[in-house]
Number of protein chains: 2
Amino acid sequence: MSIENEELVAFFKVLADANRLKIVGLLAQRPYSGGELAAVLGLKASTVSHHLSRLAQVGLVSARAEGYYSIYRLEEKALQKTRLLFSHTNLVSVAAGVDVDGYDRKVIGDFTRPDGSLKEIPAQRKKLEAILRYVVRDFELGKRYSEKQVNEILSRFHEDTASLRRELVGAKLMEREAGGGEYWRI
Amino acid sequence: MSIENEELVAFFKVLADANRLKIVGLLAQRPYSGGELAAVLGLKASTVSHHLSRLAQVGLVSARAEGYYSIYRLEEKALQKTRLLFSHTNLVSVAAGVDVDGYDRKVIGDFTRPDGSLKEIPAQRKKLEAILRYVVRDFELGKRYSEKQVNEILSRFHEDTASLRRELVGAKLMEREAGGGEYWRI
DNA sequence: AAATCAATTCGATACATATCGAATTGATTT
DNA sequence: AAATCAATTCGATATGTATCGAATTGATTT
């Protein structure tokens, strides 16, 4: 579905050259032989051959043999594919292979000891939130905890359980019953 | 009007990198700080800064200062410009600055002596046509010539005036009066 | 004022590639 | 069969740039 990431990079790499763009522009008007393109662009035949080869690799141009000439033409099919290149869904899919939890993992690595406990509670908002997401994983979803139970679990991470508890609620990762006693994970 | 050639090359150059594409994909979902992007992509901050700078150069992303963070976001305006990137008229305009007569000039250089006369008459069709376009320029548009006058002009280029005359008519660069005598340039 | 933090800049390095000339290939013409 | 021609391939060179670490900048916090 849509266009593979590597394929997309290759596509842009091919277009990211002034002379190849000119070739595309010329072929948009009529087919050309390699020699004609070389003369028109002021390049050597070997250079043009290289460019045409790269354009062909991504399917932008195709060649037809005619005598000892090669006549190149633009591939309309490849151009149609470009219509949706910059649509939102396609852009999002570009980031699909990315490890989106990398930031949390880095922060967790910085602030935890080998046994998983916290060296300290981060003062910075973003880092604190990453740590809170880390801590909250020890609470089961759908289960209710008394304040005492909450503190016991939090004490595995840091002695300042009151702060952790308050921040977890503030960050909307846990919720507290209106009346008083019980907590649960959101 | 439309998009300048150099600007277009710069645009593709910027997109022609896997990590920059990923950044675009991530920013398509929400704004990120440089540090977050570095962590998510597994790159150093300096590298990400470099990429963001290049993306900003072509207007694809913009930065907003927040504390000592820089929050980057995708520029929707730049994305809209891409809608017509691959339209026929835009592609043709890419070749606008190109010297389309380069081929003729090359052939003419190959087949003429310093005084402008022909070393020989090309046997190959394409080259012959280029030479004929060169020769026919010595005839005025709208003026009628007798066969004798035609031969006199052609003799400046080559002794085989009969061949040149016949080819000029065959290539539809000149026309001959049905009855017989006179020629004119088309 | 000093320490901290993210971002940026700078210099160095490693890798990719545009371009050319020379040699080769495949086809056509003589 | 030999000569000619366009195209392609190959090797070398020069340029561009992605990446990193170190140093610097600008802002915030202590």
Side-chain angles (χ1 to χ4, degrees), chain A residues 6 9-10 12-23 31-58 61-72 103 106-107 110-111 120-128 130, chain B residues 6 9-10 12-23 31-58 61-72 103 106-107 110-111 120-128 130:
Chain A
E6 249 178 79
V9 177
F12 284 129
K13 266 196 201 314
V14 167
L15 271 314
D17 178 272
N19 284 320
R20 279 197 291 268
L21 269 188
K22 285 180 190 170
I23 290 176
Y32 277 79
S33 74
E36 284 178 295
L37 289 173
V40 168
L41 295 172
L43 295 174
K44 297 300 167 186
S46 57
T47 303
V48 171
S49 190
H50 165 69
H51 287 318
L52 288 168
S53 151
R54 300 215 51 188
L55 286 165
Q57 276 171 26
V58 298
V61 309
S62 64
R64 149 178 69 93
E66 188 167 301
Y68 35 59
Y69 291 86
S70 290
I71 309 294
Y72 285 89
Y103 180 70
K106 179 181 184 309
V107 173
D110 288 347
F111 280 85
E120 54 175 327
I121 299 178
Q124 294 201 316
R125 186 90 238 137
K126 275 182 182 164
K127 295 179 179 175
L128 173 60
Chain B
E6 253 179 73
V9 177
F12 284 129
K13 267 198 201 307
V14 166
L15 273 312
D17 177 272
N19 284 322
R20 279 197 290 268
L21 269 187
K22 285 180 190 168
I23 290 176
Y32 276 79
S33 73
E36 284 177 295
L37 289 172
V40 168
L41 296 172
L43 295 174
K44 296 303 167 183
S46 56
T47 303
V48 171
S49 191
H50 166 70
H51 287 318
L52 288 168
S53 150
R54 299 215 52 186
L55 287 165
Q57 274 171 27
V58 297
V61 310
S62 63
R64 149 178 69 91
E66 188 166 302
Y68 34 61
Y69 292 88
S70 290
I71 309 296
Y72 286 89
Y103 180 68
K106 180 182 185 310
V107 173
D110 287 349
F111 280 86
E120 54 175 329
I121 299 178
Q124 295 201 317
R125 185 92 238 135
K126 274 180 184 167
K127 294 177 180 176
L128 173 60

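Letters A, B, ... mirror the listed sequences (proteins, then strands); counts begin at 1. All figures in this text were calculated on a predicted structure; none of them were measured in a lab.
Atom CZ in A/Phe12 sits about 19 Å away from atom C1' in D/dT17, given to the nearest Å. The CG atom of A/Leu37 sits 11 Å away from the P atom of D/dT8 (whole-angstrom rounding). One interatomic measurement links the two molecules: CZ of B/Arg64 to P of C/dA7, which rounds to 13 Å at whole-angstrom precision. When rounded to the nearest whole Å, the span between CD of A/Glu66 and C1' of D/dA7 equals 14 Å. For the pair B/Ile71 CD1 and C/dC5 P, the computed distance is 17 Å after rounding to whole Å. Rounded to whole Å, the distance from CG on A/Asn19 to C1' on C/dT17 is 13 Å. In this structure, A/Asp17 places its CG atom 12 Å from C1' of D/dG16, rounding to the nearest Å. If you measure from atom CD of A/Gln57 to atom C1' of D/dT9, you get 14 Å, rounded to the nearest angstrom.
Distances were taken from every side-chain heavy atom of B/Tyr68 (C-beta onward) to each of C/dA6, D/dC5, D/dA7; the shortest belongs to C/dA6. Picking from C/dA7, D/dC5, D/dT29 the nucleotide with the shortest atom distance to the side chain of B/Tyr69 gives C/dA7. The listed nucleotides are D/dA18, C/dT8, C/dT17; the one nearest the side chain of A/Lys13 is C/dT17.
A distance of 9.5 Å separates NZ of B/Lys22 from CG of B/Asp17, quoted to the nearest 0.5 Å. Rounding to the nearest 0.5 Å places CD of A/Gln124 at 4.0 Å from OH of B/Tyr69. If you take CG on B/Leu52 and CD1 on B/Ile23, they are separated by 5.0 Å, rounding to the nearest 0.5 Å. Note that OH of A/Tyr103 is 14.0 Å distant from CG of B/Leu41, once rounded to the nearest 0.5 Å. Expressed to the nearest 0.5 Å, how far NZ of B/Lys13 lies from CZ of B/Arg54 amounts to 8.0 Å. Interatomic distance, B/Ser33 OG to B/Glu66 CD, rounded to the nearest 0.5 Å: 9.5 Å.
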Next on the checklist: Please determine whether side-chain contact (heavy atoms from CB on, under 4.5 Å) holds for the pair B/Leu21 and A/Phe12, giving the CA-CA distance in whole Å, both sets of side-chain angles, and the decisive distance to 0.1 Å.
Outcome noted: CA-CA 10 Å; B/Leu21 269 187; A/Phe12 284 129; 4.1 Å; yes
Item to check | Audit row: B/Ser46, B/His50, side-chain contact (heavy atoms from CB on, under 4.5 Å) steps and yes/no | outcome: CA-CA 6 Å; B/Ser46 56; B/His50 166 70; over 6 Å; no
Item to check | Test log, rule side-chain contact (heavy atoms from CB on, under 4.5 Å), inputs B/Lys44 and B/Thr47 | outcome: CA-CA 5 Å; B/Lys44 296 303 167 183; B/Thr47 303; 4.1 Å; yes
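Stem regions for DNA chain D, each three or more consecutive Watson-Crick or G-U pairs with both distances under 3.5 Å and listed by first number, read C:1-30 with D:1-30.
Checking the phosphate oxygens (OP1, OP2) of C/dT28, no side-chain nitrogen or oxygen of B/Gln124 falls inside 4.0 Å. Side-chain nitrogen and oxygen atoms of B/Tyr72 include at least one within less than 4.0 Å of the OP1 or OP2 phosphate oxygen of C/dT8.
A/Lys126 comes within 4.0 angstrom of nothing in the nucleic acid, heavy atoms only.
Taken residue by residue, residues 42-54 of chain B places heavy atoms nearer than 4.0 Å to DNA chain C at B/Ala45, B/Ser46, B/Ser49.
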